[in-house]
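Step one of this worksheet: look at the structure below.
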Amino acid sequence: MGARALPAYAGMTGGRGSRRWDSGRLCYNLEAMTTQLLQGLNQAQREAVEAIDGPLLIIAGPGSGKTRVITHRIAYLARVVGISPHGIMAATFTNKAANEMKGRLSRLIGPRAEGLTVGTFHSFCARVLRRHGQLVGLAPGFGIFDTEDQMELMKAAMEEAEVDHKQFPRRSLHGVISKAKSVLLDAQGLAAQQGSYFEEVAARVYAHYEELMARNNGVDFDDLLLKTVTLFRTAPDVARWYQQRYIHVLIDEFQDTNIAQYALAKLLAEGYRNICVVGDPDQSIYSWRSADIRNILSFREDYPGAKVVTLEVNYRSTQAIIDAAKGVIAGNRQRLAKEILPSRGRGDRLVVHEAYNEEEEARFVVRQVERLLEDTPFKASDCAVMYRVNAQSRALEEAFLRHALPYRIIGGTRFYQRAEVKDLIAYLRLINNPDDEVSLLRVVNKPSRGIGRQSLDRLTHEARRQNIPLSWVLEQVRQERRDRLPPSFPLSPRAAGAVAGFMDMISGFREKKAGLELVELIDLLLEGIDYLGYLKGGADNWEERWENVLELRSVAGEYGGWDPGEGLTAFLEELALVADVDSYDGTTEAVTLITLHQAKGLEFPVVFITGMEEGLLPHSRSMDSPEEVEEERRLCYVGITRCMDRLFLTRSFKRGMYGRSLPTAPSRFLAEVPPRVIASADPVADGGRGLSSRAGGRARRVYSPAAAGAETPAADEEPPQVVFEPGDRVRHAVFGKGMVVQRAGEGRESEVTVAFLGDAGIKRLLVSFAPLQKVEG
DNA sequence: CAGTGGAGGCTTTTT
DNA sequence: GCCTCCACTG
């Protein structure tokens, strides 16, 4: 990334043309090595690299060369201080960040980088639990349950706890459980808390949920952390082994860690107390996932003598962009002021565009990209379009398609969540983990085998009666066959035959898997269940679905080198823990469409932030809590600070939600951008429709009150009674063009709330007095 | 047992 | 407006 980096920055990253690692020449020359690693670092960065003894807190502002500091610090530890890479652990926020770090480190220290432990907390925990999971009640081959599976278990847990799913949405209940786990509370712990009635109910469900999870031999994301902490606390010898191994522990994106993650890091660092955490409180955007900014405070309490280094120089963005970011973040009250020192030129001012609807907003983005590609050296891959919610990507995608501009979407409808992909994964999981009832129930009648709901209900009932896992009951059916089953067995002979056949097939796969490559197993499976035939008989887009299946198959192909049995486990683990951002490589020549959350840690020369509206950014769900609004503001700050050179902020007058299209008001964050860094707003740039269709060439002047006034009919002493409705486009003699957001009262007595395009913002006007008229859309 | 149709929910953000 | 869940019919 950063194809158009400025010279200063190119020097900083040492990216292009930087010399390659050369063991022969450098490894015996310590001085040269030291120089190489510290070269080009500023004073604070150098301090952060060289502070190798004891706890260290690095506060790293956006674009301050944080990644470079971390990698150089690790390289310094390994090559200058002489710490074995085997003794260094670094936790990152995403797998992608981990891979990137590994890549940079192998350039810095060569093949020894292989010895480093670099990964997300979740993947680290998964690995630990694969080794020692038995100590916390996990059988080998335990599965990692994704959100969808978790919801299935919640459904069952709520039934068992006799909790009404209409009164208590399972997502919210699960949220409470997840939150409890993130602060290391088990079901009893949650129940013991003097919480709300809702939490009381959640605690009851929690107990059943855990029981079900255990019966399935599964863990959810929170369990990975919780169980690893439990393991370290209950098996001191295991903990000690890791504590002695890790001489240095490093945590990136510390502001987005939760209590469990911090507890884990603390445990790991207990041996040497060399713990280095890197973060920026202003970029904390995951509190909804239980990230806890208090970790930074705890760190200073837990390690009183900790050295603190602050990285303040921004090497990424132009001054105009930094000014905008500072203006926005200054709106937060709960915040420690921090400098951001610009190091680049003033740069172009930002463009604020206000469109009439999503389609036009998208069209504006596409047009601007096209223009940049024509008139500037920027490439498509230099551009990113960011938004608050995934749903916003749709209009954008359509516009990109229509204009044949290449784009790549990060996230959205996730590949691994497609039904056909999940079906196949469920089969593989069931083969790998016989206790996985969620997967069993998903595939037992897919394709249709005549094992319907009634039969399954009876079998589930039977499992409960005998108090054994469902899979054992099915196994009984298979072993005994229909003729030898007791007559009391609650299953029709036909269904019993079908169940036996299904179980025969699955156990056949289990026997064969040890001798097969993963891909061979998948092929055998697809053939055995005739999945292609099933797809063809189902939806009309079967070709697309089959492509997805083949795509998954090709991912599995990368596990060719593995020991067959372990390959399957590793494959399933990766599927559970990879995010779609992880696949972003930045080399494809396409514009990136991405949520603001996922954009964290990335940078682009050109950035569009779309949907700058109240209700979207800040999101309506966060608007009644000041803390949450502050998090939204940080999210906006993260978006702005991703940008190196050209920043566009767009909003739309009307926004479709739940199928309805409703008028919107401009985001409060727009008003926090200092006006001096905004270029004259460009509301209906080239060919925008709507207003300009009638206003013609005057479109560019809508922002000038004088011009708008000139367009107002001169002598309208008694205007006919006009009824204004929300959504109507209007023109005001002074404030210019806008849209009615709300109306109170009737006729001439009525008062309307109008959102104006220009600086006027939102105004409440009396219809009888205001020089207001309707404009055709 | 499977397929259809109506009702109701739902959208933050993700490991 | 789209998806999921549930009830009812073939």
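Labels below follow one simple rule: chain letters A, B, ... track the order of the sequence lines, proteins then strands, and each chain is numbered from 1.
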query = Have D252(A) and T92(A) got a donor and an acceptor in their side chains that come within less than 3.5 Å?
reply = no
Side-chain donor-acceptor pair present, S652(A), E358(A), cut-off under 3.5 Å = no
request  = Determine the Euclidean distance between corresponding C1' atoms of dT11(B) and dC6(C); express it in Å to zero decimal places.
outcome  = 23 Å
remark   = Side-chain contact check for R170(A): nearest option of dC5(C), dT13(B), dT15(B) is dC5(C)
request  = Determine: side-chain N/O of T147(A) to OP1/OP2 of dT14(B), distance under 4.0 Å, yes or no.
outcome  = no
ask   = Between dT15(B), dT11(B), dT13(B), which one does the side chain of T120(A) approach most closely?
value = dT15(B)
Integer-rounded Å distance: dT13(B) C1' and L635(A) CG = 7 Å
request  = Rounded off to whole Å, could you give me the CZ-to-P distance for the R394(A) and dT11(B) pair?
outcome  = 16 Å
query = How would you label the contact of R634(A) with the nucleic acid (heavy atoms, under 4.0 Å): base, sugar-phosphate, or nothing?
reply = nothing
inquiry  = When you compare the side chains of E574(A) and Y559(A), does any donor N or O come within less than 3.5 Å of an acceptor on the partner?
reply    = yes
task = Can you tell me the distance, in whole Å, between the CE atom of M151(A) and the C1' atom of dT14(B)?
result = 12 Å
remark   = Winner on side-chain proximity to F221(A), out of dC2(C), dT15(B), dT13(B), is dT15(B)
query = Can you tell me how far OH of Y262(A) sits from CG of L184(A), rounded to the nearest 0.5 angstrom?
reply = 13.0 Å
remark   = With the side chain defined as heavy atoms from C-beta on, R289(A) is closest, among dC2(C), dT14(B), dC10(B), to dT14(B)
request  = Ignoring backbone atoms, test whether Q598(A) places a side-chain nitrogen or oxygen under 4.0 Å from the OP1 or OP2 oxygen of dT13(B).
outcome  = no
message = Nearest whole Å is fine: how far is dT15(B) C1' from H122(A) NE2?
response = 4 Å
inquiry  = Quick one: does any side-chain atom of E613(A) pair with a main-chain N or O of F653(A) as donor and acceptor, under 3.5 Å?
reply    = no
query = Roughly how many Å is it from OH in Y387(A) to P in dT13(B), rounded to a whole number?
reply = 10 Å
ask   = Counting just side-chain N and O atoms, does N258(A) come under 4.0 Å of either OP1 or OP2 of dT15(B)?
value = no
Integer-rounded Å distance: dT14(B) C1' and H174(A) NE2 = 13 Å
ask   = Quick one: R171(A) CZ to dT11(B) P, roughly how many Å, whole number?
value = 6 Å
message = Heavy atoms from C-beta onward define the side chain here; which of dT14(B), dC2(C), dC6(C) lies closest to that of K155(A)?
response = dC6(C)
query = So, H619(A) versus W288(A), ring centres under 6.0 angstrom or not?
reply = no
note = Contacts of N445(A) and E632(A) projected onto DNA chain B by closest heavy atom; the upstream (5') one is N445(A)
key: Base of dT13(B) and ring of W288(A) stacked, centres under 5.5 Å, planes under 30°   = yes
query = Are N390(A) and dT13(B) close enough that a side-chain N or O sits under 4.0 Å from OP1 or OP2?
reply = yes
note = Rounded to whole Å, the CD-C1' distance (Q255(A) to dT15(B)) equals 15 Å
ask   = So what does F121(A) touch, heavy atoms closer than 4.0 Å: a base, only the sugar-phosphate, or nothing?
value = nothing
